[in-house]
Amino acid sequence: VAATPAGETCAGAPPPVTVLDTTGAGDASIAAIAAALDRGADLATALREGLVAGALACRETGARSSFAPAAEIRRRAAEVMLRPVAETER
C-alpha cells in the first residue's frame with residue numbers, strides 16, 4: 001500500500017515467481033521505490049517497480065546476487081495492476 005500526502009492510496013500485488021530465498025527482497029523493494037522516486041516517477045510507478053523488484057529478488061539465493069536489472073524491473077512493472085484502497089481498508 002502506498003499513500004500520497006494528499007491521502008490518495010493504492011495497493012497492488014507482486015507478480016508471481018518461484019521463490020527460492022526471500023533474503024534481500026525487502027531491500028530490493030525499498031531500493032526500487034527510492035530509485036523510481038529519485039528519478040521523478042510518480043508514487044504508483046514507484047510502487048509497481050518496488051513490488052516487482054521484491055518479487056524478482058526471491059528467484060535467487062542471497063541478497064546482492066538476487067537483485068534484478070533495472071530494465072527488467074521497469075518492463076515487468078508495466079504489468080502490475082494497482083487499485084485504490086477503500087476507506088474501510090485503511
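Position 1 is the first residue of the sequence, and the numbers go up from there.
- The shortest non-hydrogen separation linking Gly50 to Ser29 is O-OG, 3.0 Å.
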Intermediate values then yes/no, side-chain contact (heavy atoms from CB on, under 4.5 Å), Val1 and Cys10: CA-CA 6 Å; Val1 174; Cys10 59; over 6 Å; no
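- Residues forming a side-chain hydrogen bond (donor to acceptor under 3.5 Å, both in side chains) with Glu72 (at least two apart in sequence, or on another chain): Arg59.
- From Leu51, atom CG reaches atom CG of Leu82 across 7.0 Å, with rounding to the nearest 0.5 Å.
- One hydrophobic cluster, built from ILVMFWY side chains closer than 4.5 Å, cannot hold both Leu20 and Val52; they sit in different ones.
- Taking the side-chain hydrogen bond (donor to acceptor under 3.5 Å, both in side chains) definition, one finds that Asp27 meets it with nothing, sequence neighbours left out.
- Partners of Arg75 under the salt bridge (Lys or Arg N to Asp or Glu O under 4.0 Å) rule, at least two apart in sequence or in another chain, do not exist in this structure.
- Applying the salt bridge (charged side-chain N to carboxylate O under 4.0 Å, His left out) rule to pairs touching residues 34-54 yields Arg39-Glu49, sequence neighbours excluded.
- Both Val17 and Ile73 are part of a single hydrophobic cluster, where members link through side-chain heavy atoms under 4.5 Å apart.
- Across Gly24 and Phe67, no two heavy atoms sit closer than the pair O-CE1, 3.6 Å.
- Within the hydrophobic cluster formed by Ile, Leu, Val, Met, Phe, Trp and Tyr side chains joined at under 4.5 Å, directly or through other members, Met81 stands alone, with no partner residue.
- Among all heavy-atom pairs drawn from Ala25 and Cys58, the shortest one is CB-SG, 3.7 Å.
- In this view, Ala3 and Thr9 satisfy the side chain to side chain contact (heavy atoms under 4.5 Å, CB included) rule, not counting sequence neighbours.
- Proximity of Pro15 to Arg76: side-chain heavy atoms (C-beta onward) are separated by under 4.5 Å at one or more points.
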